[in-house]
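Structure first, commentary second.
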Amino acid sequence: MKFSYSERSVKRGYSWENSTPVSATPEKTFEADVAVIGAGIAGLAAAVRCAQLGLSVIVADKGTGSIPCGRLIGVVPEGTDKKIFAKRWLRACGSRVNEELLWKYMDKSADALSWLVSLSAGEAEAVPYTNIYQNPDIGAFPGDYFFRPTGERYSSEGGQLVEDILGDALTDMGGTIFRQMTAQELEKDENGRVVSFLASDADGKYVRFAGKKAVILAAGDCGADEEMLAALSPLSLRAGTLFSNGTGDGQKMAYKAGAELEGLYWAPHFACTAYGPYTFFFTAVNRDGRRFSNEDTSDPAKARHCMNQRAGEWAFTICDDKWYEELQKARGIAGGLRMMPEEGLTREDIEAEFQENLYRADTLEELAEKMEVPVEALKKTVERVNSLAAQGEDPDYGKRPELLTTIEKAPFYAFKWGPALVATFGGAAVDTEMHVLDPDDWPIPGLYAVGYCAGGLYAIGYPSVLEGSDIGSAITFALCAAESIASDH
Ligand SMILES: Cc1cc2nc3c(=O)[nH]c(=O)nc-3n(C[C@H](O)[C@H](O)[C@H](O)COP(=O)(O)OP(=O)(O)OC[C@H]3O[C@@H](n4cnc5c(N)ncnc54)[C@H](O)[C@@H]3O)c2cc1C
C-alpha cells in the first residue's frame, strides 16, 4: 500500500473529506487558456511563462496584495556535484522524495534563475549569498541568491522583488490578476477534465474562472490551518509562533477533485526567528538553564531541538562581553543563515535587531533572573562550558573545538530565539510536468500544481543542503508546468 493520503484512504472525519459541493450560480465567467489559483511566486511564475509561450492567462488571488515572502532563492548551479547533492537531500528527507522531481530541480533550477534575471530587463540582479553553513557535517551547497534592484523601477528586494518583477511582467504581457477572489472548488467537464474553478469575491458573489487548456493550483501551504496541521503535519503545531498564512485551499480542492495528496507526515519549514534573528554558535540553554544540543547545527535542526525541550517555545544563546569579537573571528569557520549575522553589521546593529529580546547583566545571577531560568542551573552550565573550552573538546554534544568558547567576562548576554513555522511542504502528488495525479498515479486531465501546493520534493524533511530551495523549486516547477501546458501534453 502506498504511503499517501487520498479520497480512498480511510476517512477520519476531517472537514475537507466531506465538504459539500458549492451550489452557486456564477454571476460571470472569465475565460483564458490558463486559469491560475494564487498570485504568489509560484502562481505568477507559471502565469508569466504561459504568457511568454503565447497562452492567455488569468490569475485569481484571495488576498488584496502580495503576502510576505522569503529572501533567498536557492538553485543548483552548474558544476555542483549532483550525486552528492541528491544523496544529502534524500538523507535529510527520509528517502521519501520523488527522485525524478529532485533531479529535475537540480537540472533546471539554474536556468530558472537566469530566466528570472532576464525577465527583470536590467532592473534587478541576483547576487550570490555567501553566508552559508560552513559546518562540514551539514555540507550546505552554494546556490543561494538574493535579488536586489539595479535601476529606478523597483525599491523592494529579495522575494518581494521577485514577486514584483513577475507581477509587472504578467500585466505587461496582457495577463490579469483578479484580487479578492477566493477559489472554492474545481470544476470538471463530462470527461473528467478540470476546466474551471468557482471563486467568491469580496461580496460573496460567485465568479467562474475557466482555463481552456489548464487550471494551475498555486494557493500555497497549509501552515495556518490547525486541522490540516494536526492531520498532515503535527510536528508543525509544536512551533509556538506561526508565520505562515496558508490555509491549504489548494490541497483541499485537489483532494476534492480526486487527487492523491503526498504521504504523511508533511515537512515543516521551521526557522528560529520567533524572537530574534540569529541563534549564533555560542552556548544555547533551555528554560531550565541547561544546555541541550550542539549549537553548531542547522537552523531547522536547532528549531526541532528547542521544541523538544520543556516549554520549548524559546531558548537563549548566552555569551559574554567578547561575543562580537568572537563572532568576527569565527567567520570562515562558522556560518549559516540565522546562525551568523551577515558581514558588516556592527555590534549595535545586531543588538538592535533583537529589540527587547536581549538581556544584559553584570552577573550570572542577575542574567538568570532576567531570563527567568534557575540561577544555580545556569551557573552550572556556564561552569561546564568554560571547562569544555579549556579542554578543547565537547564530549557532551560534539561541538567543533574551534567553536568552543568561555563565558567569563561581564557583562553577560542572553539572546532569545525560538522556532517559528514558516510553511509546510506538502501538497498534491505530481509528476515532473506538474500534472496532479490521482491515487493510481494517472494525471487528472487539465489540472496542475506548483509551489507549496505540489508535493514530492521534500517529503518529511526540509534539507539544509540549500537554503531558499522553496522559491528556487517553486519557480523551476512553475516553468515546467507552463511548458508542459504549452506543448499540450
Ligand atoms: C516569512 C517567510 C520567509 C520565507 N523565506 C524564504 C526564503 O528565504 N527562501 C525561500 O526559498 N522561501 C522562503 N519562504 C517561502 C517562499 O515565500 C515561498 O516558497 C514562495 O513564496 C512560493 O510560495 P507559493 O507561491 O507556493 O505560495 P504563497 O507565496 O503562499 O502564495 C500563495 C498565494 O495563493 C493565494 N491563495 C491561497 N488560497 C487561495 C484561494 N482559495 N483562492 C485564491 N488565492 C488563494 C494566497 O493569497 C497567496 O497569494 C518564506 C516564506 C515566509 C512566509
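These values consider heavy atoms only, across backbone and side chains, with no hydrogens, waters or symmetry-generated copies. Just so you know, ligand 1 is whichever comes first in the structure, and atom 1 is the first atom listed for that ligand.
Checking only distances, Arg71 does come within under 3.5 Å of ligand 1, N or O to N or O. When only interatomic distances are considered, the shortest N/O to N/O separation between Asp249 and ligand 1 falls below 3.5 Å. Looking at ligand 1, you won't find any N or O of Thr247 less than 3.5 Å from one of its N or O atoms. Considering backbone and side-chain N/O atoms, Gly468 comes within less than 3.5 Å of an N/O atom of ligand 1. The distance criterion of under 3.5 Å between nitrogen or oxygen atoms is not met by Ala474 with respect to ligand 1. Checked against a 3.5 angstrom limit, the closest N/O atoms of Gly70 and ligand 1 fall inside it. For ligand 1, the polar-atom distance check finds an N/O of Ala183 within less than 3.5 Å of one of the ligand's N/O atoms. Note: an N/O pair closer than 3.5 Å links Lys62 and ligand 1 by distance alone. Taking distance alone, with nitrogen or oxygen atoms compared against 3.5 Å, Leu72 approaches ligand 1 more closely than that limit. On a distance-only criterion, Val422 and ligand 1 share no N/O pair closer than 3.5 Å.
More than 12 heavy atoms of other residues, nucleotides or ligands shown are found within 6.0 angstrom of CD on Glu125. For Lys252, the NZ atom counts as densely surrounded, since its 6.0 Å shell holds more than 12 non-hydrogen atoms of other residues, nucleotides or ligands.
Heavy atoms of His269 come nearer than 4.0 angstrom to ligand 1 in no pair at all. Ligand 1 has Ala60 within reach: a non-hydrogen atom of the residue lies less than 4.0 Å from it. The shortest heavy-atom distance from Gly74 to ligand 1 is not under 4.0 Å.
When only modelled atom types and interatomic distance are considered, Asp225 and Thr247 share no side-chain donor-acceptor pair under 3.5 Å.
Around atom 19 (O) of ligand 1, the closest heavy atom drawn from Asp470, Leu242, Ile475, Leu421 belongs to Asp470. For the residues Val59, Leu337, Asp61, the heavy atom positioned nearest atom 35 (C) of ligand 1 is part of Asp61.
Atom numbering of ligand 1 starts at 1 in the shown order; those under 4.0 Å from a heavy atom of Gly220 are 27 (O), 30 (O), 32 (C). Contact atoms of ligand 1 toward Gly451: 26 (O) (distance under 4.0 Å to a heavy atom of the residue). Remark: ligand 1 atoms within the under-4.0 Å shell around heavy atoms of Met181 are 42 (N), 43 (C). Atoms of ligand 1 found under 4.0 Å from any heavy atom of Ala218, numbered from 1 in the order shown, are 32 (C), 33 (C), 34 (O). Under a 4.0 Å criterion applied to the non-hydrogen atoms of Gly40, ligand 1 contributes the atoms 25 (O), 29 (O), 31 (O), 33 (C), 49 (O). Near Thr182, the atoms of ligand 1 lying under 4.0 angstrom from a non-hydrogen atom of the residue are 41 (N), 42 (N).
Residues Tyr462 and Phe270 keep their aromatic ring centres 6.0 Å or farther apart. Checked against the 6.0 Å centroid threshold, Phe415 and Phe354 count as a close aromatic pair. Two rings, from Tyr458 and Trp89, have their centers less than 6.0 Å apart.
With hydrogens and angles ignored, the 3.5 Å screen pairs a side-chain donor or acceptor of Ser487 with a backbone N or O of Glu483.
The side chain to side chain contact (heavy atoms under 4.5 Å, CB included) test applied to Ala110 returns no partner, not counting sequence neighbours.
If you look at Ala271 next to ligand 1, there are no close heavy atoms at all, none under 4.0 Å. Only the side chain of Ile37 comes within 4.0 Å of ligand 1, counting heavy atoms alone; its backbone N, CA, C and O stay farther away.
Between Thr150 and Ala124, the shortest heavy-atom distance links the atoms OG1-N, 3.1 Å. Minimum heavy-atom separation, Met307 to Pro419: CG-CG, 3.4 Å. Across all non-hydrogen atoms, the minimal contact from Trp417 to Ala284 is CZ2-CB, 4.1 Å. Shown here for Ala140 and Ile132, the closest heavy-atom pair between the two residues is O-CD1, 4.2 Å.
A salt bridge links Lys256 with Glu185; the closest basic N to acidic carboxylate O contact falls under 4.0 Å. A salt bridge is defined here as a Lys NZ or Arg NE, NH1 or NH2 lying under 4.0 Å from an Asp or Glu carboxylate O, and Asp164 with Arg153 fails to meet this definition.
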